[in-house]
Amino acid sequence: MKRIAVFASGNGSNYEAIEKAFENHRYCRVELLVCDNPKAYVLERAKKYGRQVFVFNPKDYESKEHYEREILQQLQLHQIDLVCLAGYMRIVGSTLLDAYAKRIINIHPSLLPAFKGKNGIKDAFEYGVKVFGVTVHYVSPEVDGGKIIAQRAIEYHGESLEELEGLIHQIEHQLYPETIEKLVKEWENEGLNQC
Ligand code: GRF
């Protein structure tokens with residue numbers, strides 16, 4: 001059984017999609033939610049699932065290294081195999097990247113490498129793009145820059161950013177759990193004990 005930690009900072013719709021997908025799953029389960037915002041709605045969602053949560057406020061720490069060391073302790077305590085960032089609004093530092101090399105993934109609402117950054121959907125929409133999409137990728141020191149694992153595209157010719165956002169989020173909620181499942185199955189089949 002592989003154990004997943006989800007990192008989120010805000011709404012948490014992707015977190016919830018992952019919870020739903022891995023309820024009673026054969027190979028993996030969500031074990032921990034890590035959240036850097038004590039007011040985030042994702043914490044309400046986590047209550048519904050009785051999920052263990054590690055909440056921290058970065059302002060309470062001297063540096064990224066200090067809070068990441070605490071996160072790492074939590075990950076080790078819960079024997080986490082895979083970290084899934086889902087709207088986690090912080091750059092992951094070397095403390096976590098070194099300890100979890102190739103085992104931290106992220107979802108981004110654009111077809112990377114286009115439209116990196118916080119406002120991927122809006123930026124693409126304002127640019128006049130007609131083919132949008134979602135990317136799941138490994139996390140590297142470069143923001144939204146790690147190797148791509150999966151992508152799904154959608155054409156949109158409408159005029160409503162809200163409608164487009166809704167469509168893209170629907171794709172995210174399918175693609176992220178599907179990709180996690182695929183990764184975990186690959187690991188199982190390879191018989192690797194790393195995750
Ligand atoms: C998603 O669009 C995700 O791709 C991006 O942040 C957003 C998080 O949404 N990284 P939610 O908090 O999962 O609803």
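Throughout, numbering of the chain's residues begins at 1 and tracks the sequence. One-based numbering, in listed order, for ligands and for the atoms of each. The shown structure was predicted, so the numbers you read here are calculated from the model rather than taken from an experiment.
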Qualifying residue for ring-ring contact (aromatic ring centres under 6.0 Å, His included) with Tyr67, from Phe7, Phe56, Phe54
Phe56
Glu165 and Phe125, any side-chain heavy atoms less than 4.5 Å apart:
no
For atom 11 (P) of ligand 1, the option (of Ser9, Gly120, Gly10, Ser13) bearing the nearest heavy atom:
Ser13
Who's the nearest protein heavy-atom neighbour of atom 12 (O) of ligand 1, and how far?
Gly12 N, 2.8 Å
Hey, is Glu16 one of the residues with a heavy atom under 4.0 angstrom from ligand 1?
no
Closest protein heavy atom (residue, atom, distance) for atom 9 (O) of ligand 1:
Asn14 ND2, 3.8 Å
Going by the atom numbers of ligand 1, which of them fall below 4.0 Å from some non-hydrogen atom of His169?
2 (O)
Salt-bridge criterion met for Glu68 and Arg90 (N-O under 4.0 Å):
no
Where ligand 1 meets Asn11 - atom numbers and elements under 4.0 angstrom, heavy-atom basis:
12 (O), 14 (O)
Minimum-distance protein heavy atom relative to atom 10 (N) of ligand 1
Ile107 O, 3.0 Å
Before accepting this row, confirm whether a basic side-chain N of the pair Glu142/Lys116 lies closer than 4.0 Å to the acidic partner's carboxylate O.
yes
Considering only NZ, NE, NH1 and NH2 on the basic side and carboxylate oxygens on the acidic side, decide whether Lys182 and Glu178 come within less than 4.0 Å.
no
Any Arg29 side-chain heavy atom under 4.5 Å of Arg3 side chain:
yes
So which protein heavy atom does atom 6 (O) of ligand 1 come closest to, and at what separation?
Gly87 CA, 3.5 Å
Could you tell me which non-hydrogen atom of Glu16 sits nearest to which non-hydrogen atom of Tyr49, and how far apart they are?
OE2-OH, 2.9 Å
Please state which protein non-hydrogen atom is closest to atom 3 (C) of ligand 1 and give its distance, to 0.1 Å?
Glu172 OE2, 3.2 Å
